[in-house]
S.K.: 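Let me give you the structure first, and then I'll get to my questions.
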Amino acid sequence: MLQTLPKTTNSADGPTHAERLLAWYDRHHRELPWRISPTAAKAGIRPDPYRIWLSEVMLQQTTVQAVKPYFAKFLERWPKVTDLAAAPSDDVMAAWAGLGYYARARNLKKCAEAVAADHGGVFPDTEKGLRALPGIGDYTSAAVAAIAFNRQSAVMDGNVERVISRLYAIDAPLPGSKPVMKAKVVELTPSDRPGDFAQAMMDLGATICTPKRPACALCPFRDDCLALAGDDPERFPVKAAKKEKPVRQGAAFVAVTPDGEVLLRKRIETGLLGGMTEVPTTAWTARLDGGTTIDHAPIPSADWQACGTVIHVFTHFELRLAIFRARVTRVAVDNGWWEPVESLENQALPTVMKKAIVQAIPLAFAKAPN
DNA sequence: TAAGCGTGGTC
DNA sequence: TGACCAAGCTT
């Protein structure tokens, strides 16, 4: 079978990779809330660095679809980075609830405060300056520098890794192969429109060079792709084997007063679900210490009723949470508070906690009929 | 360097 | 239907 000879990166006899990719990008522009229109871009308008940063942090390990409503909510509530810097942390955590990876929200607030206090409310316009801020790593610093400030920064995320690993048929497994791939991205990134190039690489990975069943026939790199020439693009990127997920077990306690208030408390600032709101729970351990569960209830004298199990899968373990509920009189509590069921939606409750509460109170979080 | 860190969509 | 995985960062 006749194969097309791969072109070099900047072959003299045709457009470069970057030129072909940008031509594809101009034909397939995706409208996204944090992007500016191609017309505005052509007129030399730059996007708002605050919006680019906010969207990039939200998009870390998170799909565009999941981010959209959160991005709209944050932008409406805190239109500028100085607004976010001045906001109460609890409000920010509550607004982030449900999006996951809550360290991002804690760092988002810290970063906004640093920009407001140390940079006069203006984002640094270099990769290095951005990289020094909380929650901004290799990817985000390069992405904001390129997209918001037109810097020639090499942007590599999961999409770009997939595109590069296929284009060059890189057999070495991730994450060890990252430096090799990064060098390729550096080589490809143009001085003209580096931000569009970065977004184009990510769009290509998201829409054409997909993990399963890539649409190679539509790819601007189809004549150069070594993985396609080798007839098995899906084989890339090669990844290190992942560990199996352990199971942890615990119990959660939903105490309800006759007035319809639920006992809540705040988790410690660090670690899993750090700084978020929860209903009281036991520790989550490999084995349930059978028989003594109720002894760990916040109000041990209450009449606790088992009402089912919630299974929730975190990144590195599966949680089986036995749910107990009790009708209790409103008593003073050391490290918690009583929250009306109707206002639970304003709390910084992660999804697993909402599931626990709904298991005990099926009508919680139900929209009131009008 | 490897492990810890959420959630929802997809096939 | 369960395994995979999405615009990663921190320690």
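By convention in this document, chain letters (A, B, ...) are assigned in the order of the sequence lines, proteins followed by strands, and residues within each chain are numbered from 1.
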S.K.: If you look at every strand shown and take non-hydrogen atoms under 4.0 Å, does A/G98 touch a base, only sugar-phosphate, or nothing?
M.R.: sugar-phosphate
S.K.: Can we say A/E127 and A/R131 salt-bridge, meaning some charged N sits less than 4.0 Å from an Asp/Glu carboxylate O?
M.R.: no
S.K.: Please identify each residue that fulfils side chain to side chain contact (heavy atoms under 4.5 Å, CB included) with A/H28, with sequence neighbours left out.
M.R.: A/W24
S.K.: Restricting to nitrogen or oxygen on both sides, can you table the protein-nucleotides 8-11 of chain C pairs closer than 3.5 Å?
M.R.:
residue : atom : partner : partner atom : Å
C/dG8   : OP1  : A/G158  : N            : 3.2
C/dG8   : OP2  : A/Q61   : N            : 2.8
C/dG8   : OP2  : A/Q61   : NE2          : 3.1
C/dG8   : O5'  : A/Q61   : N            : 3.4
C/dC9   : OP1  : A/G137  : N            : 2.9
C/dC9   : OP1  : A/T140  : N            : 3.0
C/dC9   : OP1  : A/T140  : OG1          : 2.7
C/dC9   : OP2  : A/D138  : N            : 3.4
C/dC9   : OP2  : A/Y139  : N            : 3.3
C/dT10  : OP1  : A/G135  : N            : 2.6

S.K.: Taking the P atom of each, how far is B/dG8 from C/dC9, in whole Å?
M.R.: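 Between the two P atoms, the distance is 22 Å.
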S.K.: Looking at C/dA3, I'd like to know if its phosphate oxygens (OP1 or OP2) sit under 4.0 Å from a side-chain N or O belonging to A/K245.
M.R.: no
S.K.: Describe the nucleic acid contact of A/P175 in one word from base, sugar-phosphate, nothing, applying a heavy-atom distance below 4.0 Å.
M.R.: nothing
S.K.: Does the Lys NZ or Arg CZ of A/R248 fall within the cation-pi geometry relative to A/F317 - under 6.0 Å from the ring centre and within 45° of the axis?
M.R.: yes
S.K.: Parallel, tilted or perpendicular: which describes the rings of A/F253 and A/W304, with under 30° parallel and over 60° perpendicular?
M.R.: perpendicular
S.K.: With heavy atoms under 4.0 Å as the rule, sort A/R35 into base, sugar-phosphate or nothing.
M.R.: base
S.K.: Which atoms form the tightest heavy-atom contact between A/A326 and A/A302, and what is the distance?
M.R.: CB-CB, 3.9 Å
S.K.: Say we look at B/dA3 and C/dA7: how far apart would their C1' atoms be, to the nearest angstrom?
M.R.: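 Roughly 22 Å separates the two C1' atoms.
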S.K.: Would you call A/K266 and A/D90 a side-chain contact if the rule is heavy atoms closer than 4.5 Å?
M.R.: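 Yes, their side chains come closer than 4.5 Å.
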S.K.: Any heavy-atom pair between the side chains of A/Y101 and A/W96 that's under 4.5 Å?
M.R.: no
S.K.: Would you mind classifying the nucleic acid contact of A/V57 as base, sugar-phosphate or nothing, using non-hydrogen atoms under 4.0 angstrom?
M.R.: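 The residue A/V57 makes no contact with any strand.
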S.K.: Rounded to the nearest Å, what distance is computed from the NE2 atom of residue A/H316 to the C1' atom of nucleotide C/dC4?
M.R.: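 Answer to the nearest Å: 18 Å.
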S.K.: Across the strands shown, which category fits A/L32 at heavy-atom distances under 4.0 angstrom: base, sugar-phosphate, nothing?
M.R.: base
S.K.: Nearest-Å distance, NZ (A/K242) to P (C/dG2)?
M.R.: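 That distance rounds to 17 Å.
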S.K.: Please verify the inter-ring angle class for A/F123 with A/W53; under 30° counts as parallel, over 60° as perpendicular, anything in between as tilted.
M.R.: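 Because their plane-to-plane angle lies in the 30° to 60° range, the rings of A/F123 and A/W53 count as tilted.
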S.K.: Closest-nucleotide mapping onto DNA chain B: is A/R213 or A/L272 further toward the 5' terminus? I mean the 5' end.
M.R.: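 First, find each residue's nearest nucleotide; the 5'-ward one identifies A/L272.
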S.K.: Can you check the A/I147 CD1 to C/dA7 C1' distance for me, whole Å?
M.R.: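 Distance, rounded to whole Å: 8 Å.
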S.K.: Can you measure A/E244 atom CD to C/dC4 atom P for me and round it to whole angstrom units?
M.R.: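 A/E244 atom CD is separated from C/dC4 atom P by 12 Å.
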S.K.: Which is true for A/W34 with a 4.0 Å heavy-atom rule: it touches a base, it touches only sugar-phosphate, or it touches nothing?
M.R.: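 Base, at least one base atom sits under 4.0 Å.
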S.K.: Can a cation-pi geometry be assigned to A/K354 and A/F365, taking NZ or CZ under 6.0 Å from the six-membered ring centre and within 45° of the ring axis?
M.R.: yes
S.K.: Shoot me the first and last contacting nucleotide of DNA chain B against chain A, ordered 5' to 3', at under 4.0 angstrom to non-hydrogen atoms.
M.R.: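 Using the under 4.0 Å cut-off, the span is B/dA3 to B/dG8.
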S.K.: Between A/F314 and A/H316, is the ring centroid distance below 6.0 Å?
M.R.: no
S.K.: Tell me the interatomic distance from A/L54, atom CG, to C/dA7, atom P, rounded to whole angstroms.
M.R.: 18 Å
S.K.: May I have the distance from A/R162 (atom CZ) to C/dC4 (atom P), rounded to whole angstrom?
M.R.: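 The distance from CZ of A/R162 to P of C/dC4 comes to 16 Å, rounded to the nearest Å.
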